[in-house]
Protein chains: 2
Amino acid sequence: MKPEHQIIDLAKVKVSCTNCSLTELCLPRGMGEDAVRKLEKIIKRASPLQKGEYLYRGGDPFNGIYAVRSGLIKVYANSDGGEEQIIGFYLPGEILGLDAIENNTHACFAVALETSSYCTIPFADLSGICKVVPELQDQLFKIMSRELTNENQMLLTLGKKNAEEKVATFLLTISNRYRQRGYSANDFKLIMSRQEIGNYLGVTFETVSRIFSRFQRDGIISVHKKYVNILDMDALKKLVSGCCG
Amino acid sequence: MKPEHQIIDLAKVKVSCTNCSLTELCLPRGMGEDAVRKLEKIIKRASPLQKGEYLYRGGDPFNGIYAVRSGLIKVYANSDGGEEQIIGFYLPGEILGLDAIENNTHACFAVALETSSYCTIPFADLSGICKVVPELQDQLFKIMSRELTNENQMLLTLGKKNAEEKVATFLLTISNRYRQRGYSANDFKLIMSRQEIGNYLGVTFETVSRIFSRFQRDGIISVHKKYVNILDMDALKKLVSGCCG
DNA sequence: ATCCTTCTTTGATCCAGATCAATAATGTCA
DNA sequence: TGACATTATTGATCTGGATCAAAGAAGGAT
C-alpha cells in the first residue's frame with residue numbers, strides 16, 4: 001500500500017540544462033539547443049537547501065529568479081497583522097521569485113520543506129541576458145503569464161469553492177504536477193503538513209484532516225499519514241467541477 | 001456631500017502616450033522619450049467600449065495586451081461549474097490580458113462597467129517589438145511582476161481575512177489607486193455593484209451592504225448608494241492590519 | 001408619466017467550517 | 001530507551017457569514 005519513497009525523491013544533482021531531466025518543464029522548455037547552451041552559461045547552481053532553510057525572505061534584495069531542481073519549496077506572504085498566507089508549493093522545474101522583479105526586493109518568503117536543490121538565473125542585467133539569448137525573453141513572458149493564470153485559478157478556488165472542493169482541487173493539482181514530472185499521478189507523498197495545506201486553501205488543518213478522512217471513507221482516496229493513493233480519480237474530478245459539472 | 005461625478009470621468013480621448021496624462025502610471029512609466037515615441041507607433045487606439053461591451057472573452061485568441069485609458073474594466077474567470085470569480089477591476093493606466101500570453105488564448109472575460117476607452121499593444125511579434133523598443137522588455141517584466149504581487153496580496157485577503165477586513169482592504173486599495181490618478185482618495189464613486197464587490201472579495205452582497213452600513217454607523221465612512229466618503233482613514237487602516245497592527 | 005427590472009438595505013434563520021478539547025501517532029534528541 | 005515536542009485524528013460546540021425573505025430605491029424603456 002505504501003508507495004516507494006524514491007518516486008518523488010529527486011535529490012540527484014544535474015550539471016547542465018541539456019542533461020537535466022527537467023528541461024521540458026523548466027526554463028529551457030521549447031528553446032533551441034543553441035539557446036539552451038547559452039542559458040547554461042548564465043545559470044548558477046548552488047548547494048542544496050536543507051529542510052527549513054530559506055531561499056529568500058521578505059525584505060531581501062532581488063538577485064535573480066530560481067528554478068527548483070529537486071525537493072519542494074514553500075512560498076508564503078506575511079500580512080501586516082503577522083498572519084501567513086502560503087502562495088504556492090514549488091516542484092522541480094517550477095520557477096519562483098518572479099514577483100520580486102518590480103520592487104527589486106522580495107516581499108515573500110521561500111523555504112525548503114525537504115532537502116531541495118535549485119538553479120539561480122541572475123537578473124541583474126536582464127536586458128543583457130535576453131540579448132544574448134533572445135528566446136529567453138519570450139520564455140520568461142510565458143512563464144510569468146502562466147504564473148498569473150495559476151494565481152487566477154487559485155483566486156477562484158479561495159473565493160468560490162467550499163472546503164471539500166478546495167481539498168479535491170488541491171489533490172488533483174498535485175497529482176497532475178507529479179504526472180507531468182514522470183511520477184505516479186495516483187500514488188504520492190504530501191511533503192507539506194495538514195497545517196500547510198489548510199493555510200494554502202484558506203481552511204483549518206482540522207477541516208483538511210476531516211475531509212481526507214471523508215474521502216477515504218467514500219473510497220475516493222486512501223491516506224496513511226503523508227502518503228496518498230487516489231483510488232477514484234473521476235470522483236475527485238467531479239467534486240472540483242461543482243454540482244453541474 | 002455627494003462628490004462631483006466628473007472627478008472620475010476620464011472619457012476624454014488622448015491621442016498619444018507623450019500627451020497622455022496616464023503616462024506616469026501606464027506602460028511608458030519610467031521609459032525615455034525616444035522609447036515612448038517608438039511605443040506610440042506600435043500602440044493602437046480603438047473606439048471606446050460601451051457599458052456591458054466585452055474587450056475579450058474566454059476562448060478568444062490572444063492578440064495583444066490592453067491599457068485602460070478611461071472608465072473601468074472588470075476581469076473575471078469562470079469555473080467548470082459555471083461560477084464566476086472576479087479577478088480584478090482595472091482603472092485607467094492599468095494593463096490587462098497578460099495572463100493570455102502563454103496559451104495564446106484568453107481564459108478570462110473582460111467587460112466594461114462604464115464607457116471605457118483603451119489602447120492595444122499588439123503582441124503578435126513581441127520579440128520584434130522589444131528589439132525596436134528595448135526598454136519595453138524590462139517594463140513588461142515589471143508590470144507582470146507587479147500583477148503577481150497584487151494577486152499575492154489578493155490571495156492573502158481571500159485566504160486569511162474576515163469579511164470586515166476584506167471590505168476595508170477593498171476600500172483602501174480603491175482609494176489609493178484613485179489618489180495615484182490624481183483624484184480624491186476620500187471621495188469617490190464605486191462603479192461596480194455590491195454584488196460585484198462581494199464576488200471579488202469572496203463574500204455575499206448582503207454582507208458587503210451590512211459592512212458598509214456598519215462602517216457608516218461607526219463614522220468610518222459615509223455611503224450614499226454608489227458614492228463613498230472616507231471619514232476616518234486611520235480607522236480603516238487599523239482594520240486591515242488585523243488585531244495586532 | 002408608468003411599468004418593470006435591477007440594485008440595495010435590513011431582518012430572521014441556518015449551517016459549514018471554526019474553535020475548543022482530548023487523544024493518538026510520529027519524530028527527535030539525549 | 002524514554003521524555004518531549006510536533007503532527008494528525010476525531011468529537012463537541014460555537015459563530016461569522018450564508019441563505020432566505022421582504023420591502024424600498026433607482027434607473028431604463030416606452
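Regarding Glu196(A), its CD atom lies at a distance of 8 Å from the P atom of dT7(D), rounded to whole Å. Distance, Lys189(A) NZ to dG27(C) P: 9 Å, rounded to whole Å. A straight line from CZ of Phe215(B) to C1' of dT9(C) spans 16 Å, rounded to a whole angstrom. Per the geometry, CD belonging to Glu114(B) stands 13 Å off P belonging to dG28(D), to the nearest Å. Between the CE atom of Met192(B) and the C1' atom of dC7(C) there is a distance of 15 Å, rounded to whole Å. Distance, Ile197(A) CD1 to dT7(D) P: 13 Å, rounded to whole Å. Going from atom OH of Tyr227(A) over to atom P of dT26(C) covers 12 Å, rounded to whole Å. Atoms CZ (Arg194(B)) and C1' (dT9(C)) sit 9 Å apart, rounded to a whole Å.
Taking each heavy atom of Pro48(A) and Thr115(A) in turn, the nearest pair found is CB-CG2, 4.3 Å. Heavy atoms only, all atoms of each residue included: Leu72(B) and Ile191(B) are closest at CD2-CB, 3.5 Å.
Taking side-chain N and O atoms only, Ser209(B) has no distance below 4.0 Å to OP1 or OP2 of dT10(C). At the phosphate of dT6(D), neither OP1 nor OP2 sits under 4.0 Å from any side-chain N or O atom of Ser193(A).
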Output a table of nitrogen or oxygen pairs between the protein and nucleotides 28-30 of chain C separated by less than 3.5 Å.
none

Pairwise N/O distances under 3.5 Å, protein to nucleotides 22-27 of chain D:
from	atom 1	to	atom 2	distance (Å)
dG27(D)	OP1	Lys225(B)	NZ	3.3

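For Glu196(A), the salt bridge (charged side-chain N to carboxylate O under 4.0 Å, His left out) partners at least two apart in sequence or on another chain are Lys74(A). With sequence neighbours excluded, the residues satisfying side-chain hydrogen bond (donor to acceptor under 3.5 Å, both in side chains) with Thr169(A) are Lys161(A). For Glu151(A), there are no salt bridge (charged side-chain N to carboxylate O under 4.0 Å, His left out) partners at least two apart in sequence or on another chain. With sequence neighbours excluded, the residues satisfying side-chain contact (heavy atoms from CB on, under 4.5 Å) with Asp60(A) are Tyr56(A), Arg57(A), His106(A). Partners of Ser175(B) according to the side-chain contact (heavy atoms from CB on, under 4.5 Å) rule, which considers only residues two or more places apart in sequence or in another chain, are Ala185(B), Phe188(B), Ile230(B), Met233(B). Annotation: side-chain hydrogen bond (donor to acceptor under 3.5 Å, both in side chains) contacts of Tyr90(A) (sequence neighbours excluded): Glu147(A). Every residue two or more places apart in sequence or in another chain that forms a salt bridge (charged side-chain N to carboxylate O under 4.0 Å, His left out) with Arg177(B) is listed here: Glu94(B).
End-to-end axis angle of the helix from dA1(C)-dT30(D) to dA30(C)-dT1(D), from C1' rotation axes over five pairs per end: 50° (rounded to 10 degrees).
Exactly one of Ser70(A), Ser47(A), Pro92(A) qualifies for a side-chain contact (heavy atoms from CB on, under 4.5 Å) with Ser117(A). That residue is Ser70(A).
When atom types are taken as modelled, the side chain of Thr157(B) and the backbone of Gln153(B) share a donor-acceptor pair closer than 3.5 angstrom.
Side-chain contact of Asn229(B) with Asn186(B): a donor-acceptor pair under 3.5 Å is absent, judged by distance alone.
Contacts classified as salt bridge (Lys or Arg N to Asp or Glu O under 4.0 Å) and involving residues 197-221 of chain A (residues at least two apart or in different chains) are given here: Glu164(A)-Arg214(A).
Nucleic acid contact class of Lys226(A) (heavy atoms, under 4.0 Å, all strands): sugar-phosphate only.
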**Q.** Where protein sits on nucleotides 14-24 of chain C, one letter per nucleotide: B base, S sugar-phosphate only, - none, heavy atoms under 4.0 Å
**A.** ---SSBB----
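Ring orientation note: the planes of Tyr54(B) and Phe109(B) are nearly perpendicular, at an angle over 60° on the 30°/60° scale.
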